[in-house]
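Scroll down for the structure; my scribbles are underneath it.
In what follows, every heavy atom counts, from backbone to side chain, and hydrogens, waters and symmetry copies are set aside. Residue numbering restarts at 1 for every chain, and letters A, B, ... go by the order of the sequence lines. Since we're looking at a predicted model, the values are computed, not measured.
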Amino acid sequence: MPELPEVETTRQGIAPHCEGQTVRKVIVRNPSLRWPVPGDLPALLEGQVIRAVERRAKYLFLHFDTGSAIVHLGMSGSLRVITDDTPAMTHDHVELVLGNHRSLRFNDPRRFGCWLWTTEWRHHPLISALGPEPLSEAFNGAWLFRLSRNKQAPVKSFIMDNHVVVGVGNIYANEALFKAGIHPKRKAGRISLDRYHKLAEAIRETLSAAILMGGTTLRDFVNSDGKPGYFAQSLLVYGKAGLPCTGCGTRLKEIRMNNRSTVYCPRCQR
DNA sequence: AAGGATTCCTGTTGGC
DNA sequence: TGCCAACAGGAATCCT
């Protein structure tokens, strides 16, 4: 499940092969993604040079002179650069044939991902209201504290809200709350500045460690080079319900919050 | 208006 | 062993 580290790993993997390359041909095999792939996407991209591959939150942008393609990997999407004679696989929904005998292939079994076009990517409705990047200076405990005042929502929902901070999906929310010793159901507005400093640091640590290790890799996610990431091995609570807490030995508890698996230590997290 | 519930989808898993 | 329901989750959107 691509979370921010996986998306950044993907960007780093494809950028060297894409930047400066001309798009020779665009093949849309299945336009039924989260939103329909624009019918004029081939006409918009063909003949143009990919100037840069950028990431913002979990969105990737292919920047061209006339605008940008917005790509989201959704739940099960992946982008790979391969030689252009490699046979298409099932769920290879979008392909950009490049000028270096390579192709950029978008594969997405569950089709929660998207390919969109924008001429003003910073002002695109999906992008403009996003919160700060978790590894940027703008994201810190003071920011979390200020935004959370009077909020009744549980802190786990709060940090997974893209208006608060981007890139914190279910797995990393569980991990960060454990590291910070905060109970996932605690009301966001009832947490001190001190504890938010700790939480911001935990989010930062969790995500940067995962980026270094190449992403979490659960089930069907593979990096752009086709190799799995190794972060899954260092998960402390996610997927470990019933196992002893690494801090105190208490059995980790699992509950459902907003229909999402939530694992925590009932003793260490308050 | 905030916050919870629903929705999209298919490969994998678990129970009988 | 085989089949099928349950589950997984990003995030927009709908609903209360």
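At a threshold of 4.0 angstrom between heavy atoms, the contacts of A:Asp108 with the nucleic acid are absent. If you check every strand for non-hydrogen atoms under 4.0 Å, A:Arg260 touches a base.
With sequence neighbours left out, A:His91 forms a ring-ring contact (aromatic ring centres under 6.0 Å, His included) with A:His93. Shown here are the ring-ring contact (aromatic ring centres under 6.0 Å, His included) partners of A:Trp121, two or more places apart in sequence or in another chain: A:Phe61, A:His63.
Salt-bridge formation is detected for the pair A:Arg55/A:Glu133: a Lys NZ or Arg NE/NH1/NH2 atom is positioned less than 4.0 Å from an Asp or Glu carboxylate oxygen. Comment: A:Arg29 engages A:Glu95 in a salt bridge, judged by a side-chain N to carboxylate O separation of less than 4.0 angstrom. Using a cut-off of 4.0 Å between Lys/Arg side-chain N and Asp/Glu carboxylate O, A:Glu8 and A:Arg11 are scored as salt-bridged. Classification of A:Lys58 and A:Glu6 as a salt-bridged pair fails, no side-chain N sitting under 4.0 Å from a carboxylate O.
For B:dA5, the OP1/OP2 oxygens have no side-chain nitrogen or oxygen of A:Asn259 closer than 4.0 Å. Using a 4.0 Å cut-off, no side-chain N or O of A:Arg111 falls inside it from OP1 or OP2 of B:dC8. Residue A:Lys58 places at least one side-chain N or O closer than 4.0 Å to OP1 or OP2 of C:dA11. Between A:His91 and B:dG11 there is a side-chain N or O to OP1 or OP2 distance below 4.0 Å.
Looking at A:Thr118, its side chain does come within 3.5 Å of a backbone N or O of A:Glu120 through a donor-acceptor pair.
Minimum atom distance to the side chain of A:Tyr238 is reached by C:dA8, of the listed C:dA8, B:dG11, C:dA11. Side chain of A:Lys151, nearest nucleotide from C:dG10, B:dG3, B:dG4: B:dG3. Comparing atom distances between the A:His72 side chain and each of C:dA8, C:dG10, B:dG4 picks out C:dG10 as nearest. The side chain of A:Tyr59 has C:dA12 as its nearest neighbour among B:dG3, C:dA12, B:dT10. Listed nucleotides: C:dG10, B:dG11, B:dG3. Nearest to the side chain of A:Ala153: B:dG3. For A:Leu126, counting side-chain heavy atoms from C-beta on, the closest listed nucleotide (C:dG9, C:dG10, C:dA12) is C:dA12.
For A:Asn162 and C:dA12, the CG to P distance is 6 Å, given to the nearest whole Å. Summarising the geometry, the separation between CE on A:Met75 and C1' on B:dC8 is reported as 11 Å, rounded to the nearest angstrom. Whole-Å rounding puts the A:Asn170 CG to C:dA8 P distance at 9 Å. Going from atom NZ of A:Lys187 over to atom C1' of B:dA2 covers 13 Å, rounded to whole Å. Between A:His124 atom NE2 and C:dA12 atom C1' the separation is 12 Å, expressed in whole Å. Distance, A:Asn258 CG to B:dT7 P: 15 Å, rounded to whole Å. The distance from atom CG of A:Leu147 to atom P of B:dA2 is 11 Å, rounded to the nearest whole Å. The NZ-C1' distance, from A:Lys185 to B:dG3, rounds to 14 Å in whole Å.
When A:Trp117, A:Phe106, A:Trp115 are each tested for a side chain to side chain contact (heavy atoms under 4.5 Å, CB included) with A:Val37, only one passes: A:Trp115.
Remark on the helix from B:dA2-C:dT16 to B:dC16-C:dG2: inter-end axis angle 60°, axes from five-pair C1' superpositions, rounded to 10°.
Within residues 29-41 of chain A, the residues having any heavy atom under 4.0 Å from DNA chain C are, by residue number, A:Arg34, A:Trp35.
Other members of the cluster containing A:Tyr264 are A:Ile255, A:Met257, with ILVMFWY side chains joined at under 4.5 Å, either directly or via other members.
Taking the six-membered ring for Trp and thresholds of 30 and 60 degrees, A:Tyr196 and A:Phe145 have ring planes more than 60 degrees apart, a perpendicular arrangement.
Between the side chain of A:Arg110 and the base of C:dG10 there is no donor-acceptor pair of N/O atoms closer than 3.5 Å.
Once the 5.5 Å centre distance and the 30° plane angle are applied, the aromatic ring of A:Phe112 is found not to be stacked with the base of C:dA11.
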Result block: side-chain N/O donor-acceptor pairs under 3.5 angstrom for residues 182-190 of chain A, not counting sequence neighbours:
unit_1   : atom_1 : unit_2   : atom_2 : d
A:His183 : ND1    : A:Lys185 : N      : 3.0
A:Arg186 : NE     : A:Arg270 : O      : 3.3

